[in-house]
Amino acid sequence: MSNGYNVAVVGATGAVGTKMIQMLEQTTLPLKKVVLLASKRSAGKTLQFKGETLTVEELVPESFEGIDLALFSAGGGISATFAPEAVKRGAVVVDNTSHFRMDPQVPLVVPEVNKEALKKHKGIIANPNCSTIQMMVALEPIRQKAGLDRIIVSTYQAVSGAGARAVEELKREAQDYLNGVPASEWQAEILPAGADKKHYPIAFNALPQIDKFAEDDYTFEEWKMVNETKKIMEDAAIKVAATCVRIPVASGHSESVYIETKEKISVQDVRETLASAPGVVLEDDPSQQVYPQAIECVDQKETFVGRIRKDLDIENGLHLWVVSDNLLKGAAWNSVQIAETLHEMDLLHI
């Protein structure tokens with residue numbers, strides 16, 4: 001690796017951490033050294049990076065000595081403890097957990113939407129929730145064109161959003177189904193929320209609960225979408241409601257998004273606006289059954305939008321279907337993209 005930044009990946013062996021490593025292999029960011037960090041349990045494992053074998057090191061405060069950029073994806077508790085330690089030692093942190101997202105001192109950034117917020121960072125930048133990110137990428141170009149008054153979103157979220165063990169649970173339950181094992185005998189241990197009281201099967205099912213229930217019977221995931229949208233758009237008055245559902249798809253979140261714009265805009269104008277928007281791929285031709293599908297977005301960095309149509313009753317109402325890889329644009333790629341944007345804006349220094 002040539003002269004450039006010393007980068008640490010915290011949570012390197014996890015589902016998002018491994019994707020971060022892949023994104024760093026493709027990045028335009030100049031790299032000098034990549035350090036892989038994880039828990040004591042994972043220390044000693046080896047991972048490949050650009051043909052080199054890197055050994056995963058145990059995460060300790062001293063791990064950040066000489067580090068310029070630290071990408072975190074190891075849980076909110078780890079970020080709460082170690083992100084300040086990284087900043088103290090001179091690193092800029094991009095955190096993929098929910099811990100810092102609503103901190104007024106921490107920018108919450110989707111580069112296609114609000115990269116200017118990066119100028120306000122004080123060492124830590126938060127990566128938004130995966131389902132929020134793809135919705136923001138799709139809606140910001142429309143907001144710039146016609147304004148936004150209301151958003152109602154229903155998500156169809158992939159199991160990988162709950163981690164690698166949840167994907168294994170889906171596979172095990174699907175195999176049990178194919179083997180004729182009754183659903184009552186399946187051993188659900190993780191979903192809909194690992195920390196909650198009950199667990200339900202996900203194979204051949206849909207669970208209208210992601211994370212635990214919170215205020216007003218909305219889940220934490222739903223509140224994240226509401227609050228993060230308002231923060232990213234810097235619009236406390238915008239009306240936002242979310243229903244988040246886990247479905248038996250391994251990777252790729254899908255969303256049905258209903259919006260009400262402040263000004264009238266035609267479907268054709270929306271299509272043309274999105275077709276030229278950064279990070280968006282328009283797939284919208286009902287006559288040919290062309291629309292975004294979760295299975296086709298896997299390993300893609302972009303956000304795919306289709307099924308754009310006017311509401312039948314509300315003059316300024318529009319419906320969209322939004323799909324993206326939750327582990328890439330929803331997590332690892334958005335984090336690395338933030339780092340690239342920091343570099344481009346001369347906000348990241350060696």
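Heavy-atom basis, side chains included; hydrogens, waters and symmetry copies ignored.
Under a 4.0 Å N-O distance rule, the pair Asp211/Lys224 qualifies as a salt bridge. A salt bridge is absent between Glu302 and Lys329; no separation between the charged side-chain nitrogens and carboxylate oxygens falls under 4.0 Å. Comment: Arg89 engages Glu65 in a salt bridge, judged by a side-chain N to carboxylate O separation of less than 4.0 angstrom. With respect to the salt-bridge test (charged N to carboxylate O, under 4.0 angstrom), the residues Lys19 and Asp299 qualify. Classification of Arg307 and Asp284 as a salt-bridged pair fails, no side-chain N sitting under 4.0 Å from a carboxylate O.
Separating the CG atom in Asn114 from the CD atom in Glu140 is a distance of 8.0 Å, to the nearest 0.5 Å. Distance check, rounded to the nearest 0.5 Å: OG of Ser42 to CG of Leu59 gives 11.0 Å.
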message = Checking Phe213 against Tyr218 for the ring pair (Phe, Tyr, Trp, His ring centres under 6.0 Å) test, could you report, in this order, the C-alpha distance in whole Å, the side-chain angles of both residues, the deciding distance, and whether it holds?
response = CA-CA 6 Å; Phe213 284 97; Tyr218 284 79; 9.5 Å; no

request  = Please assess Glu112 against Gln337 for the test side chain to side chain contact (heavy atoms under 4.5 Å, CB included), listing each intermediate value before the final yes or no.
outcome  = CA-CA 10 Å; Glu112 296 92 340; Gln337 191 181 15; 3.1 Å; yes

task = Given ring pair (Phe, Tyr, Trp, His ring centres under 6.0 Å), test Tyr291 with Trp321 step by step and report yes or no.
result = CA-CA 8 Å; Tyr291 40 74; Trp321 181 250; 8.4 Å; no

query = Run the side chain to side chain contact (heavy atoms under 4.5 Å, CB included) check on Leu148 and Thr261 step by step: do they pass?
reply = CA-CA 4 Å; Leu148 278 181; Thr261 58; 4.2 Å; yes

request  = In sequence, state the C-alpha distance, the side-chain angles, and the governing distance for Ser131 and Glu255, and then conclude on side chain to side chain contact (heavy atoms under 4.5 Å, CB included).
outcome  = CA-CA 8 Å; Ser131 46; Glu255 298 173 346; 3.3 Å; yes

task = Take His343 and Tyr5, measure what ring pair (Phe, Tyr, Trp, His ring centres under 6.0 Å) needs, and give me the verdict at the end.
result = CA-CA 10 Å; His343 173 68; Tyr5 300 107; 5.5 Å; yes

key: Step-by-step side-chain hydrogen bond (donor to acceptor under 3.5 Å, both in side chains) determination, Asp68 to His349   = CA-CA 7 Å; Asp68 306 303; His349 303 291; over 6 Å; no

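For Lys310, the NZ atom sits in a packed shell: over 12 heavy atoms of surrounding residues, nucleotides or ligands are nearer than 6.0 Å. Counting heavy atoms of neighbouring residues, nucleotides and ligands inside a 6.0 Å radius, atom CD1 of Ile295 does not exceed 12 of them. The number of heavy atoms from other shown groups lying within 6.0 Å of NZ (Lys145) does not exceed 12. Annotation for Asp217: atom CG does not count as buried by contact number, only 12 or fewer foreign heavy atoms lying within 6.0 Å. Within 6.0 Å of CZ on Arg172 lie more than 12 heavy atoms contributed by other residues, nucleotides or ligands.
Side chain of Lys120 to backbone of Val106: no donor-acceptor contact under 3.5 angstrom is found. Between the side chain of His253 and the main chain of Val323, no donor-acceptor pair closer than 3.5 Å is present. Remark: side-chain polar atoms of Lys32 are not paired, donor with acceptor, to backbone N or O of Gly4 under 3.5 angstrom. Side chain of Thr219 to backbone of Glu222: a donor-acceptor contact under 3.5 angstrom is found. Counting only distance, with no hydrogens or angles, the side chain of Glu169 and the backbone of Ile190 share a donor-acceptor pair below 3.5 Å. Of the possible polar contacts, one joining the Ser335 side chain to the Ala331 backbone as a donor-acceptor pair under 3.5 Å is found. Judged by distance alone, the side chain of Lys231 and the main-chain N or O of Asp103 form a donor-acceptor pair under 3.5 Å. Panel note: side chain Glu173, backbone Ile202; a donor-acceptor pair is recorded below 3.5 Å.
Taking all atoms of both residues into account, the shortest heavy-atom contact from Phe64 to Ala70 is CE2-CB, 3.9 Å. Scanning both residues, Val159 and Ile247, for their nearest heavy atoms gives CG2-O, 3.4 Å. For the pair Gly66 and Asn6, the tightest heavy-atom approach, listed with the atom from each and the gap, is O-ND2, 3.0 Å.
Asn96 places none of its side-chain heavy atoms less than 4.5 Å from the side chain of Leu71. Contact check for Val93 versus Phe100: no side-chain heavy atoms found under the 4.5 Å cut-off. Put simply, the side chain of Thr55 does not reach to within 4.5 Å of the side chain of Leu36, judged on heavy atoms. Within the 4.5 Å cutoff, no side-chain heavy atoms of Asn3 are placed close to those of Pro30. Between Asn129 and Met225, the closest side-chain pair of non-hydrogen atoms falls below 4.5 Å.
Judged purely by distance below 3.5 Å, without hydrogens or angles, the side chains of Gln157 and Glu221 pair a donor atom with an acceptor atom. Between the side chains of Ser251 and Asn326, not a single donor N or O lies within less than 3.5 Å of an accepting N or O.
Using a 30° and 60° split on the angle between ring planes, Trp186 and Tyr177 fall in the perpendicular class, above 60°.
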